[in-house]
Amino acid sequence: MPDQERKATHEWRREKVRSELECMRQSQIFRRLKDVPAQRELRFSEIQKVSSLLEVWSSRLLCLSPQHVKVCSLPKPHVALIDAICHAIEWPDTLLTEQLILGAPAVGDIPDSGIFRKEDVPSSQTLESLDNCEWNAKLMASIEAEARRPDKATVLARLWEKTQAEVEKGIAFPIGSSQAMNKRVGEGAWRAMRTFGVEQNGKLRPCDNAKAFLHNACTFMHECLTSETADFLLRAAAIFAGPVGDESKFSFGIRTEDLESAYRRFPVSQPHLTCFAQWDPVAKRVAFFGLHGFNFGLVAAVVTFNRLAQLLNRCAVRLIPIVSSHYFDDFCVAEPGFAGKSGQHLLCHFMKLLGFVFQSDLVPVGEKRKGALWAMRNSFLGLSFDFSDFSDNRIAICKASDEKAPQIVGKIELILSTNSLVMPGGLSKLIGKLQFVLSWSAGRYGRAAMQPLYAAQSLLPSSHLSPEDIAALQFFLQILSRGCPPKVFSFKQNSGASLLVWSDASWGDLGENTTQGGLGFVIFDAEDSASECGRGYYSDTLSSHEMLEAFVVKSQYIGQLELLAAIAVYYSLPLLFR
DNA sequence: CATGGGTCGTGACACTTGCG
DNA sequence: CGCAAGTGTCACGACCCATG
């Protein structure tokens with residue numbers, strides 16, 4: 001047998017064995033994944049057994065809670081189970097269980113939980129240095145002053161309504177006047193905040209002003225929040241697409257769950273510092289309220305709540321196990337069709353076991369839930385994801401929610417019709433919206449056309465549109481009138497032949513009053529079909545004078561030439577990049 | 001009110017280059 | 001060698017987005 005032929009045969013066999021092994025591995029993984037729902041049910045029933053054994057301990061531990069925590073109407077956390085899980089998974093946040101029983105600090109030194117990035121944000125004030133009586137008098141005066149303003153009447157009425165709803169739910173409790181506060185905790189021993197409203201998507205969200213009343217200035221944080229990003233869904237899809245391979249068909253879907261009144265769920269240890277005051281439009285006086293949990297507006301609330309959410313999510317991921325993540329109180333399960341339903345289902349029941357009930361209806365194990373369990377199209381963090389072509393083609397489509405497009409189109413039309421960039425909300429608002437809709441979700445689509453808008457921002461107050469402004473705005477108008485531009489992600493394993501590219505430029509003086517720019521690039525194609533060890537491409541050239549004349553006039557051209565060299569790669573070998 | 005992420009422009013500073 | 005101009009890097013602040 002000639003040498004060449006023998007080599008080829010050997011190569012063919014090796015290839016064959018490799019692909020057989022791959023097939024076997026994939027089918028194994030696939031079969032094991034299909035077993036997931038049954039295995040999960042098994043593990044969950046074990047957790048349930050442990051849970052009921054520990055119930056007696058939880059009620060004993062919760063007897064130790066201070067009064068303000070005891071009277072809260074939210075379901076009580078199963079602290080003994082939580083503690084057992086923390087030990088089992090070696091959770092670093094060792095204070096968590098204790099704080100769920102006794103309350104966590106809302107102001108002052110907030111100990112490092114070890115969950116988030118370590119970073120000190122020192123306090124600028126101390127609680128001891130503040131005269132609470134003086135500040136509470138100020139608080140009364142400012143609320144009374146606001147109540148005299150007729151333009152504030154509707155907001156104050158809406159805020160009052162919101163607080164009443166919280167009182168009815170049993171997560172805030174009325175205290176009454178400032179005299180009642182003094183009687184309750186002692187004069188000068190409490191420090192309240194003033195409630196104000198923030199308009200958010202047409203809804204009014206009550207916040208307590210922890211900045212103005214120095215609660216936040218007195219807070220020392222030792223860690224910095226790290227939260228989930230929208231690409232979680234894509235990473236989750238990739239986890240399954242990789243080992244399962246391109247051939248097996250399986251669908252992929254998402255379901256989100258909300259934990260209601262998030263911050264209020266974590267009890268505080270200093271209820272005398274978390275009370276808030278607002279105008280009572282019915283009785284026409286200042287009214288004080290107490291809280292079991294955290295206020296919106298406290299620095300400490302963010303990290304403290306997220307510590308809890310982080311544990312709830314991570315223990316479900318590790319013990320059941322499921323693929324899920326969370327953004328504050330928004331939990332998101334992202335799994336294949338053959339496993340996703342059980343993941344979703346068990347997350348709800350696991351949370352209920354731990355004492356945290358999701359907003360959606362909860363139905364006993366084994367029974368069918370109302371509505372869609374799990375969907376191939378869903379949104380997370382303001383972006384919509386479509387996995388409906390995942391099974392056939394391993395594709396996911398991501399874009400900003402389509403409701404956003406008409407809103408931006410309207411703004412652009414207004415600018416074009418008035419020929420003016422000066423408008424209500426400002427140009428920066430339009431730029432911000434465009435940035436979100438084009439950059440983050442659509443992979444920096446139309447980035448170049450944003451330049452005139454950035455330039456116009458610092459050019460104000462100019463009331464006329466330049467030809468570039470008009471061209472850019474018309475471009476965005478055309479794009480967005482068809483909805484927000486989508487970005488397509490492919491999860492195919494064997495389509496990712498990669499190329500290595502280097503490009504560079506030079507700029508120098510040749511003497512005799514002439515300067516010259518040079519461009520060059522090298523490309524390496526590791527998976528070139530015709531050669532065994534890959535193929536390299538090389539090119540270099542001097543830039544033409546016509547090209548240099550087209551550049552922006554500067555004393556050095558290196559920056560522009562480097563950019564040109566990068567572009568030249570694509571124009572020189574377009575077929576290679578297909 | 002708070003957290004995180006992003007973009008841009010600004011100013012301070014360091015380094016490189018051209019010139020005398 | 002010093003000076004001036006250009007360029008790059010970094011921190012910062014403004015604004016936007018998401019969320020509570």
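Chain letters run A, B, ... following the sequence lines, proteins first and then strands; every chain starts at 1.
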Atom pairs under 3.5 Å, N or O on each side, protein against nucleotides 18-20 of chain C: can you list them with distances?
{"unit_1": "dA18(C)", "atom_1": "OP1", "unit_2": "K404(A)", "atom_2": "NZ", "d": "2.6"}
{"unit_1": "dA18(C)", "atom_1": "N3", "unit_2": "Y327(A)", "atom_2": "OH", "d": "3.2"}
{"unit_1": "dT19(C)", "atom_1": "O4", "unit_2": "Q200(A)", "atom_2": "NE2", "d": "3.4"}
{"unit_1": "dG20(C)", "atom_1": "OP1", "unit_2": "D329(A)", "atom_2": "OD1", "d": "3.3"}
{"unit_1": "dG20(C)", "atom_1": "O6", "unit_2": "Q200(A)", "atom_2": "NE2", "d": "3.2"}

Short N/O separations, protein against nucleotides 11-13 of chain C, under 3.5 angstrom:
none

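Using the six-membered ring where Trp is involved, Y263(A) and F328(A) have ring planes that are tilted, between 30° and 60° apart.
We find that CD of E403(A) is positioned 15 Å from P of dC17(C), with the value rounded to whole Å. Residue M450(A) contributes atom CE, which lies 17 Å from atom P of dC15(C) at whole-angstrom precision. Atom CD1 of I110(A) is separated from atom P of dA2(B) by 15 Å (rounded to the nearest Å). With rounding to whole Å, Q310(A) atom CD is found 14 Å from dG4(B) atom P.
Distances shown here put a side-chain N or O of K433(A) below 4.0 Å from the OP1 or OP2 atom of dC17(C).
Using a 4.0 Å cut-off on heavy atoms, the residues of residues 219-228 of chain A that approach DNA chain B are C224(A), L225(A), listed by number.
Under the side-chain contact (heavy atoms from CB on, under 4.5 Å) criterion, L74(A) pairs with C72(A), I171(A), R265(A), sequence neighbours left out. R205(A) pairs by the salt bridge (Lys or Arg N to Asp or Glu O under 4.0 Å) definition with nothing, not counting sequence neighbours. Scored by the side-chain hydrogen bond (donor to acceptor under 3.5 Å, both in side chains) test, T195(A) finds D208(A) as partners (sequence neighbours excluded). Under the side-chain contact (heavy atoms from CB on, under 4.5 Å) criterion, A309(A) pairs with F305(A), H326(A), F331(A), sequence neighbours left out. Judged as a side-chain hydrogen bond (donor to acceptor under 3.5 Å, both in side chains), and not counting sequence neighbours, the contacts of R117(A) are E119(A). Residues forming a side-chain contact (heavy atoms from CB on, under 4.5 Å) with I470(A) (at least two apart in sequence, or on another chain): L416(A), L465(A), Q474(A). Checked against side-chain contact (heavy atoms from CB on, under 4.5 Å), V155(A) has the following partners two or more places apart in sequence or in another chain: L159(A), L204(A).
With a 6.0 Å radius and a threshold of 12 heavy atoms from other residues, nucleotides or ligands, K203(A) has its NZ atom at or below the threshold.
Under the salt bridge (charged side-chain N to carboxylate O under 4.0 Å, His left out) criterion, the residue pairs touching residues 302-312 of chain A are D93(A)-R307(A), with sequence neighbours excluded.
Each of A210(A) and R117(A) has a nearest nucleotide on DNA chain B; the 5'-most of these lies closest to A210(A).
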Could you check F213(A) against W190(A) for ring-ring contact (aromatic ring centres under 6.0 Å, His included), going step by step and ending with a plain yes or no?
-> CA-CA 12 Å; F213(A) 291 89; W190(A) 52 279; over 10 Å; no
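Put simply, the side chain of L354(A) reaches to within 4.5 Å of the side chain of F350(A), judged on heavy atoms.
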Strand DNA chain B in bracket notation, Watson-Crick/G-U under 3.5 Å with | for pairs to another chain = ||||||||||||||||||||
